[in-house]
**Student:** 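Quick one: the structure is below, and I'll ask about it shortly.
The structure presented is a predicted model; accordingly, all values stated were derived computationally and were not measured.
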Amino acid sequence: MNEAIPVIRDVDQGTARLLPDVDRERAWLLTVDGAPQSYVDLDDPAYLEFEYARRLGHVVDCAARPGEPLDVVHLGGGALTLPRYVAALRPGSRQEVVEADRGLLALVAEVLPLPRGSGITVHAMDARAWLDGRPAASADVLIADVFGGSRVPAHLTSVEYARSAARVLRGGGVYAANLADGAPFDFLRTQIAAFSQAFAEVALVAEPSVLRGRRFGNAVLVASHTELDTSALSRRTASDAFPARVEHGASLARFTGGARPVTDAEAVASPVPPDGAFSIG
């Protein structure tokens with residue numbers, strides 16, 4: 001058996017590296033300019049390595065009965081970790097992935113190709129432009145994991161964007177976004193405020209140390225037009241190998257404080273992470 005070797009390639013947004021995992025035979029870590037982007041095990045697509053990916057997986061797991069096919073939209077592709085996860089655990093799902101980096105898409109298709117019949121369609125487009133053109137009530141789950149470098153682009157942080165996401169989801173649909181921030185959480189609070197205007201229910205999933213402001217880190221924002229099953233989500237996130245807390249209702253309102261949503265005209269990208277926050281090696 002040939003030993004896998006790293007693959008390094010210039011893509012649209014920097015230098016991508018696909019690094020084989022020495023502990024898992026057909027598993028790969030994708031980095032762009034040194035920042036971890038995705039982890040994929042081709043032999044076990046239901047395995048999620050990154051903490052935030054596991055939390056997004058918990059949201060998907062709670063979105064419908066086990067094994068039930070879903071119509072899922074993924075804004076941001078990376079190495080297609082979550083689409084592979086959904087395809088493995090919910091066969092028959094129809095999934096659309098939107099990724100603006102054509103070079104990255106070509107690299108992933110070459111080195112980490114999707115299996116035949118996966119039900120996954122990939123679009124090389126800007127996430128907001130694609131979303132704004134989608135029919136209303138056309139998705140059960142919408143996952144946003146879009147980073148330009150290590151920052152969420154400004155046009156995916158506004159209340160107009162939140163309303164576009166709300167429009168595309170069906171009545172019982174669920175939105176989940178991977179975000180990143182640190183104390184005093186100015187960015188994260190505006191995101192909660194924006195999605196609270198577009199959705200009836202909003203929750204936040206994060207490690208307690210992040211929520212207490214002890215370190216910069218990821219947080220998963222969850223939103224829906226109908227009541228979220230925060231009890232089921234809390235059980236899953238609390239018992240995970242990387243425990244997290246679910247904030248909602250009064251506790252989330254206290255966290256958000258008097259933050260107001262930002263519009264397209266005033267939106268800015270998420271904050272620059274501190275040195276070393278997400279780098280490896």
Side-chain angles (χ1 to χ4, degrees), residues 50-63 141-147 150-152 154 156-166 169 172-240 242-264 266-274 277-278:
F50 293 167
E51 297 175 25
Y52 82 83
R54 296 171 71 90
R55 290 162 194 157
L56 290 171
H58 292 319
V59 174
V60 174
D61 294 343
C62 293
V141 177
L142 199 167
I143 298 172
D145 185 14
V146 185
F147 283 78
S150 297
R151 306 177 70 187
V152 179
L156 301 179
T157 69
S158 67
V159 68
E160 291 92 339
Y161 161 71
R163 288 172 179 150
S164 187
L169 280 169
V174 178
Y175 174 89
N178 177 34
L179 305 172
D181 200 4
F185 302 111
D186 292 339
F187 170 72
L188 199 51
R189 287 174 168 139
T190 64
Q191 295 305 286
I192 297 166
F195 279 82
S196 295
Q197 283 203 2
F199 288 88
E201 291 272 322
V202 178
L204 189 70
V205 186
E207 183 183 328
S209 65
V210 172
L211 291 172
R212 294 187 188 115
R214 293 177 182 170
R215 69 176 183 88
F216 190 99
N218 295 96
V220 171
L221 186 150
V222 186
S224 180
H225 296 300
T226 57
E227 185 176 358
L228 290 165
D229 190 350
T230 52
S231 296
L233 185 58
S234 294
R235 287 193 297 271
R236 286 180 176 272
T237 58
S239 62
D240 191 271
F242 305 101
R245 198 167 74 220
V246 178
E247 298 287 353
H248 64 100
S251 67
L252 187 63
R254 286 193 298 271
F255 178 87
T256 308
R260 65 175 185 83
V262 296
T263 64
D264 279 335
E266 58 190 343
V268 297
S270 64
V272 177
F278 298 127

**Student:** Distance from R55 atom CZ to H58 atom NE2, nearest 0.5 Å?
**Tutor:** 8.0 Å
**Student:** One pair to check against side chain to side chain contact (heavy atoms under 4.5 Å, CB included): R212 and E207. What are the steps and the verdict?
**Tutor:** CA-CA 9 Å; R212 294 187 188 115; E207 183 183 328; over 6 Å; no
**Student:** Under 3.5 Å, sequence neighbours excluded: what are the donor-acceptor pairs made by side chains of residues 190-200?
**Tutor:**
| unit_1 | atom_1 | unit_2 | atom_2 | d |
| --- | --- | --- | --- | --- |
| T190 | OG1 | F187 | O | 2.7 |
| Q191 | NE2 | T157 | O | 2.8 |
| S196 | OG | I192 | O | 2.7 |
| Q197 | OE1 | R163 | NH2 | 3.1 |

**Student:** Return the OG to CG distance between S270 and D186, rounded to the nearest 0.5 Å.
**Tutor:** 12.5 Å
**Student:** Any idea which heavy atoms bring H248 and V202 closest together, and the distance?
**Tutor:** CB-O, 4.0 Å
**Student:** Test V60 against I143 for side chain to side chain contact (heavy atoms under 4.5 Å, CB included), laying out the working first.
**Tutor:** CA-CA 9 Å; V60 174; I143 298 172; 3.7 Å; yes
**Student:** Check A269 against R151 and note the closest heavy-atom contact, atom names and distance.
**Tutor:** O-NH2, 3.6 Å
**Student:** Checking R189 side chain against F255 main chain: does a donor-acceptor pair fall under 3.5 Å?
**Tutor:** yes
**Student:** Can any side-chain N or O of H225 pair as donor or acceptor with the backbone N or O of A166 at less than 3.5 Å?
**Tutor:** yes
**Student:** Let me see the working for V246 and L204 under side chain to side chain contact (heavy atoms under 4.5 Å, CB included), right down to the final yes or no.
**Tutor:** CA-CA 6 Å; V246 178; L204 189 70; over 6 Å; no
**Student:** Check this for me: does any side-chain nitrogen of one of R254 and E247 sit under 4.0 Å from a carboxylate oxygen of the other?
**Tutor:** no
**Student:** Drop me the distance from N218's CG to N178's CG, to the nearest 0.5 angstrom.
**Tutor:** 4.5 Å
**Student:** Any salt bridge linking E266 with R260? Criterion: basic side-chain nitrogen under 4.0 Å from a carboxylate oxygen.
**Tutor:** yes
**Student:** Taking the side chain as every heavy atom from C-beta outward, state whether R245 and T237 have any atom pair closer than 4.5 Å.
**Tutor:** no
**Student:** Kindly compute the distance separating CG (L56) from CD (E51), expressed to the nearest 0.5 Å.
**Tutor:** 12.0 Å
**Student:** Indicate yes or no for a side-chain donor-acceptor contact from S224 to the backbone of E201 under 3.5 Å, with no hydrogens or angles considered.
**Tutor:** no
**Student:** Please find the pair of heavy atoms, one from R235 and one from S239, that lie closest to each other, and give the distance.
**Tutor:** O-OG, 2.8 Å
**Student:** How far does CG of L221 sit from CG of L188, to the nearest 0.5 angstrom?
**Tutor:** 7.0 Å
**Student:** Would you name the heavy atoms of G172 and T226 that are closest together and state the gap between them?
**Tutor:** CA-OG1, 3.8 Å
**Student:** Could you grab the distance from atom OG of S209 to atom CZ of F216, nearest 0.5 Å is fine?
**Tutor:** 13.0 Å
**Student:** Is the backbone of A232 close enough, under 3.5 Å, to the side chain of D229 for a donor and an acceptor to pair up by distance?
**Tutor:** yes
**Student:** Testing the basics here: between A183 and G213, what is the closest heavy-atom pair and its distance to 0.1 Å?
**Tutor:** CB-CA, 3.8 Å
**Student:** Could I get the full list of side chain to side chain donor-acceptor pair (under 3.5 Å) partners for D264, not counting sequence neighbours?
**Tutor:** R128, S158
**Student:** Could you check whether any side-chain heavy atom of V174 comes within less than 4.5 Å of a side-chain heavy atom of V222, counting everything from C-beta outward?
**Tutor:** yes
**Student:** Run the side chain to side chain contact (heavy atoms under 4.5 Å, CB included) check on L179 and V152 step by step: do they pass?
**Tutor:** CA-CA 7 Å; L179 305 172; V152 179; 4.2 Å; yes
**Student:** For P243 versus A238, what's the shortest heavy-atom pair and its separation?
**Tutor:** CB-O, 3.7 Å
